[in-house]
Protein chains: 2
Amino acid sequence: MCLMVTGDHTQCLYCSARVHSVLNVLDNEKLADLSTHKSCSTYKKGQYIFSENGMPYGLFCVNKGKIKLIATGFDGKDQILRLAKEGDILGYRALISGERYHCSAIALEDCSICIIDKNYFYQSIQDNFQLLFEIVKKISGDLKTAEEHIMSLSQKNLRERMAEALLFLKATYGFTTDGQTLNVMLSREEIADYTGTSTESAIRQLSEFSHDKIIELTGKKIKITDLPKLIKTANIND
Amino acid sequence: MCLMVTGDHTQCLYCSARVHSVLNVLDNEKLADLSTHKSCSTYKKGQYIFSENGMPYGLFCVNKGKIKLIATGFDGKDQILRLAKEGDILGYRALISGERYHCSAIALEDCSICIIDKNYFYQSIQDNFQLLFEIVKKISGDLKTAEEHIMSLSQKNLRERMAEALLFLKATYGFTTDGQTLNVMLSREEIADYTGTSTESAIRQLSEFSHDKIIELTGKKIKITDLPKLIKTANIND
DNA sequence: CGCTACCTTGACGCGAATCAAGCGGCGTGG
DNA sequence: CCACGCCGCTTGATTCGCGTCAAGGTAGCG
């Protein structure tokens, strides 16, 4: 049987993001049932999907669009903690641990997102070892990423961290069709918020990379012209 | 029936650390069975329990002692990522995600630790939703802690981070019987490795706290004499 | 009793934050 | 259609926190 992936995301079975999702471990029958326990929304660029300190009421499942997860410091400066794209789930950490959100999710571009009912989700993971196991692996990956970020922030200088940040963006969103340009448009401030620096320093570092012929900058587009040199600059050991 | 907690940790049923462990969700029968699928070891202070890049062969379960989890930077400087104590499990992240260890575990003092067979562990989490769920909650907590650490490193100055570090040690290991002295002895270098600074700067900051009458230093003992002021210094929002 | 590992303090220099000012693009309203 | 204003980008000047280097003290251990 050939699966009809029509892109009708109200029907999980036909969701275009299905193959990239941890929910793909569910069989067709369960996916069809899932569709009856969720609602769909769209979010404009810049809109909050959920907010720090809010209580989760469901699991977010990204059908389309890019999202940043941020925490805001006491002085108002943001830190980008994670990035998400289609097929990703959001809000699983708070849902699993039964806590409030400790960060906010904001749309980086117009998004289409489904919300799976909380109780249905709890029931699903109890009935389905594979589903919970996939989610644990996801959280484990996030933990590893976070701890690598800790290493980076505590031991590396700005130049190395910025190189890592660009490589992280590449790993997360990939390139556009030209095979060199990062497939995501972030403001300089957002790049700084991931890297853990000021906007001005981020700008200076990017323009230094540009002078070093490692990248090319055109507005918010970033083209990586010398990937080996960028990797070398990042000083990654493992 | 009254449980015999004799402290014989070769029998999980009677392990003194049981009540603090995620494994406590198992019933008596399962705990008894667990004892037949594990081995016990002791580790001297400073000894490696597992190493970065090693393959996990089982789940470590701490019966006694304190442990640091560290990652070593390319310049040889360590970063303390997590701390563990009796009742804690170790090595679950790599085991779940099926990867190599991305950090090393080192005994901060003489330890007694059991190793649960890997395949038995996999079988246990498949047969027992509650066990896996407890472990997910544990990893979720670790992720939250790690992301708070990221915030701290990227936005706070040394004074705030050091205050946070002392509060973290208090939250993890608590006080000794006097109700003020941290129940853990770390070298200045280890404190620096958690805080993300140099040994010299850590020493200077601790001695500044001492002058400010926030703490009292006696060798490696740290007595928190003004907890409210320490909390205020840490600038914690949530 | 001496060696080694850890702790402590001082001096210095650099990386990056901060402050300030000018530029450019885009959307809105006259 | 053009002018205005706002927001993001960029660059320069200045400051300063903290890392690094150096030297000396102290405590524990064989």
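Note on naming: letters A, B, ... go to the chains in the order of the sequence lines (proteins, then strands), and numbering restarts at 1 for each one. Computed from a prediction, not measured in an experiment: that's the story for all the values here.
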Check the side chains of A/Ser152 and A/Glu164 for a donor-acceptor pair under 3.5 angstrom, ignoring hydrogens and angles. yes
Salt-bridge contact B/Glu216-B/Lys221 (side-chain N to carboxylate O under 4.0 Å): no
I'd like to know if the side chain of A/Asp142 pairs up with that of A/Thr145 as donor and acceptor (distance under 3.5 Å, no hydrogens or angles considered). no
Every protein N/O lying under 3.5 Å from an N/O of nucleotides 17-25 of chain D:
{"unit_1": "D/dC18", "atom_1": "OP1", "unit_2": "B/Leu158", "atom_2": "N", "d": "2.8"}
{"unit_1": "D/dG19", "atom_1": "OP1", "unit_2": "B/Thr197", "atom_2": "OG1", "d": "3.4"}
{"unit_1": "D/dG19", "atom_1": "OP2", "unit_2": "B/Thr197", "atom_2": "OG1", "d": "2.5"}
{"unit_1": "D/dG19", "atom_1": "OP2", "unit_2": "B/Ser198", "atom_2": "N", "d": "3.3"}
{"unit_1": "D/dG19", "atom_1": "OP2", "unit_2": "B/Ser198", "atom_2": "OG", "d": "3.3"}
{"unit_1": "D/dG19", "atom_1": "OP2", "unit_2": "B/Ser201", "atom_2": "OG", "d": "2.7"}
{"unit_1": "D/dT20", "atom_1": "O4", "unit_2": "B/Arg204", "atom_2": "NH2", "d": "3.0"}
{"unit_1": "D/dC21", "atom_1": "N4", "unit_2": "B/Glu200", "atom_2": "OE2", "d": "3.2"}

Identify the residue among B/Lys77, B/Arg188, B/Lys68 that makes a side chain to side chain donor-acceptor pair (under 3.5 Å) with B/Asp193. B/Lys77
Between C/dA16 (C1') and A/Met162 (CE): distance, integer Å: 12 Å
Could I get a table of every N or O pair under 3.5 Å where one atom is in the protein and the other is in nucleotides 3-7 of chain C?
{"unit_1": "C/dC7", "atom_1": "OP1", "unit_2": "B/Arg188", "atom_2": "N", "d": "3.1"}
{"unit_1": "C/dC7", "atom_1": "OP2", "unit_2": "B/Arg188", "atom_2": "N", "d": "3.3"}

Quick one: does A/Lys66's side chain have a donor or acceptor within less than 3.5 Å of a partner on A/Asn183's backbone? yes
Would you kindly give the CG-to-P distance between A/Leu153 and C/dA16, to the nearest whole Å? 12 Å
Distance check needed: C/dA16 P versus A/Ile191 CD1, whole Å only. 17 Å
Between A/Lys38 and A/Cys114, which heavy-atom pair has the shortest distance, and what is it? NZ-SG, 3.1 Å
Can you tell if the side chain of A/Asp88 reaches within under 4.5 Å of the side chain of A/Phe60, non-hydrogen atoms only? no
B/Lys45/B/Asp110 salt bridge by N-O under 4.0 Å criterion: no
For the pair made of CG in B/Leu217 and P in C/dT8, what is the distance, rounded to whole Å? 7 Å
N-O pairing of B/Lys64 and B/Glu109 below 4.0 Å: no
Under 3.5 Å, N/O pairs linking protein and nucleotides 26-30 of chain D:
none

Side-chain donor/acceptor of A/Thr195 to backbone N/O of A/Thr197, under 3.5 Å: no
